[in-house]
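Values in this document were obtained by computation on a predicted structure and should not be read as measured data. So that the names make sense, note that chain A is the first sequence line, chain B the second, and so on, each numbered from 1.
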2 protein chains.
Amino acid sequence: MSFVKYSIQVLRSKGYKVTRPRKEVLEAVESATAPVSPYDISRMVQQQGKHLDHVTIYRVLDLLCSLNLVHKVLSRGGFVKCGLLDEPGCHRFLVCRECGVLQEFTDEALCYQESQIARRMGFYPEHHLTESSGLCQRCR
Amino acid sequence: MSFVKYSIQVLRSKGYKVTRPRKEVLEAVESATAPVSPYDISRMVQQQGKHLDHVTIYRVLDLLCSLNLVHKVLSRGGFVKCGLLDEPGCHRFLVCRECGVLQEFTDEALCYQESQIARRMGFYPEHHLTESSGLCQRCR
DNA sequence: TAGCAAATGCAATACTATTGCATTACCGCA
DNA sequence: TGCGGTAATGCAATAGTATTGCATTTGCTA
């Protein structure tokens, strides 16, 4: 099932309305390989002759993040669709510093070790943020 | 040796001038346990009856980052002094979501594993960004 | 299809970040 | 210690990013 369709299902199942703005944000994120900012999305929508207020885009992205349908990539200041919709746990990213292309993966062992170290230091971890920057195969 | 003194040494050794603004930014960062933003620093300096232009603060922080004397903590949008000045390699952070207090550590094994996985996925990693959020002992 | 609550759009505003250029002040050298 | 050259700063202007409150619209249920 496509990212957009799956997301719409999730929205409905949680009681959120499926609106035109939400669908368009989903489609914009779906079509992107690299992280896109709220204003990127605004421009993408405009290029199709439509319009979305940027405030709406911010709010939609917030919601999608809270539902784990998209991730915020801090090192890029942008958002990507979640590439592992069915896999829970800690998601990690490889981001190409040249083209911004993104690959997503999880690794339970790594996540476990990280938590162990944190706890040994008296810290109670809830969420790990991991973004590796470097070069993708193409840009190399 | 204190963070400020060490940093001044590094600045000199690389041919950078040791100026009043640079010293004040270093002192502000030194005194903070949680990440501080450029404008935070601006306010801290003002509370001492002094003044620094925010543009200068941005530039100083850029420089200090490039010298690995401070780190930018993306999940907080702020900067902290490097807590492991003598240890090279990949630095990781535990950030308390309540009070923002930060602990820094490195772990070669983790870093190595991360790189291995990345390479197996056709990616050439250069830098790992890891920030775990959760609760510190006090806030728990 | 009518009504309600959720969601959007708009306006205003605050915060964050960057650039170019004139002026200042740090540092090496006499 | 004082001077000159250059790196660094401050200022002004501007662009980009993010948030809030409120009136209006729209999706969804009955």
Side-chain angles (χ1 to χ4, degrees), chain A residues 4-5 7-29 34-46 48-67 69-70 72-80 100, chain B residues 4-5 7-29 34-46 48-67 69-70 72-80 100:
Chain A
V4 173
K5 286 200 174 166
S7 301
I8 287 177
Q9 241 183 33
V10 171
L11 285 173
R12 272 198 225 286
S13 75
K14 306 258 179 181
Y16 294 103
K17 293 182 180 173
V18 177
T19 62
R20 185 185 70 88
R22 287 179 180 167
K23 281 190 277 189
E24 294 195 351
V25 169
L26 284 170
E27 280 160 20
V29 172
V36 287
S37 75
Y39 284 88
D40 287 336
I41 293 175
S42 177
R43 280 173 225 118
M44 294 165 78
V45 170
Q46 256 176 356
Q48 305 189 338
K50 300 166 189 170
H51 174 78
L52 285 187
D53 195 273
H54 74 272
V55 178
T56 301
I57 298 174
Y58 274 95
R59 289 192 277 226
V60 170
L61 288 170
D62 270 357
L63 175 63
L64 298 178
C65 272
S66 76
L67 297 174
L69 295 170
V70 308
K72 183 165 195 178
V73 181
L74 288 177
S75 59
R76 285 258 155 184
F79 296 80
V80 288
Chain B
V4 173
K5 286 199 176 167
S7 301
I8 288 177
Q9 241 183 33
V10 171
L11 285 173
R12 272 198 223 286
S13 75
K14 306 258 180 183
Y16 294 103
K17 293 182 180 172
V18 176
T19 63
R20 185 185 70 88
R22 286 177 179 167
K23 281 190 278 190
E24 295 195 350
V25 169
L26 284 170
E27 279 161 21
V29 172
V36 286
S37 76
Y39 284 89
D40 287 337
I41 294 176
S42 176
R43 278 173 228 119
M44 293 164 80
V45 171
Q46 255 175 357
Q48 305 188 340
K50 299 167 191 171
H51 174 78
L52 285 187
D53 195 274
H54 74 273
V55 177
T56 301
I57 298 174
Y58 274 95
R59 289 192 277 226
V60 170
L61 288 170
D62 270 357
L63 175 64
L64 298 178
C65 272
S66 75
L67 297 173
L69 295 170
V70 309
K72 183 165 193 177
V73 181
L74 288 176
S75 59
R76 285 259 156 182
F79 297 81
V80 288

K17(B) vs R22(B), test: side-chain contact (heavy atoms from CB on, under 4.5 Å). Steps then yes/no. CA-CA 9 Å; K17(B) 293 182 180 172; R22(B) 286 177 179 167; 4.2 Å; yes

Side-chain donor-acceptor pairs of residues 35-43 of chain A under 3.5 Å, sequence neighbours excluded:
| from | atom 1 | to | atom 2 | distance (Å) |
| --- | --- | --- | --- | --- |
| S37(A) | OG | Y39(A) | N | 3.4 |
| S37(A) | OG | D40(A) | N | 3.0 |
| S37(A) | OG | D40(A) | OD2 | 3.2 |
| Y39(A) | OH | H54(A) | NE2 | 3.4 |
| D40(A) | OD1 | R43(A) | NH1 | 2.9 |
| D40(A) | OD2 | S37(A) | N | 2.8 |

Hey, are K23(B) and E27(B) close enough for a salt bridge, meaning a charged N less than 4.0 Å from a carboxylate O? no

Integer-rounded Å distance: dA7(C) C1' and L64(A) CG: 13 Å

Within this structure, what is the CD1-CG distance for the pair I57(A) and L64(A), rounded to the nearest 0.5 Å? 11.5 Å

Distance in angstrom units between R12(A) CZ and dT29(D) C1', rounded: 13 Å

note: D62(A), atom CG; dA7(C), atom P; distance rounded to Å ~ 13 Å

Rounded distance in Å - CZ (R43(A)) to C1' (dA15(D)): 11 Å

Close residues, residues 51-59 of chain B, relative to DNA chain C [heavy-atom separation under 4.0 Å]: H54(B), V55(B), Y58(B), R59(B)

Where along residues 15-27 of chain B does a heavy atom come under 4.0 Å from DNA chain C, residue by residue in number order? K17(B), V18(B), T19(B)

Would you indicate whether the side-chain heavy atoms of K14(B) and V10(B) approach each other to under 4.5 Å? yes

Interatomic distance where OH belongs to Y39(A) and P belongs to dT16(C) [whole Å]: 15 Å

dA8(D) P sits how many Å from L11(B) CG, rounded? 9 Å

Counting C-beta onward and ignoring hydrogens, is there a side-chain heavy-atom pair between R20(A) and E24(A) closer than 4.5 Å? yes

Roughly how far, to the nearest 0.5 Å, is the CG atom of D62(A) from the CZ atom of F79(A)? 6.5 Å

Please report the distance, rounded to the nearest Å, between CG in D40(A) and P in dG16(D). 12 Å

Walk me through whether L63(B) and L11(B) qualify under side-chain contact (heavy atoms from CB on, under 4.5 Å). CA-CA 9 Å; L63(B) 175 64; L11(B) 285 173; 3.9 Å; yes

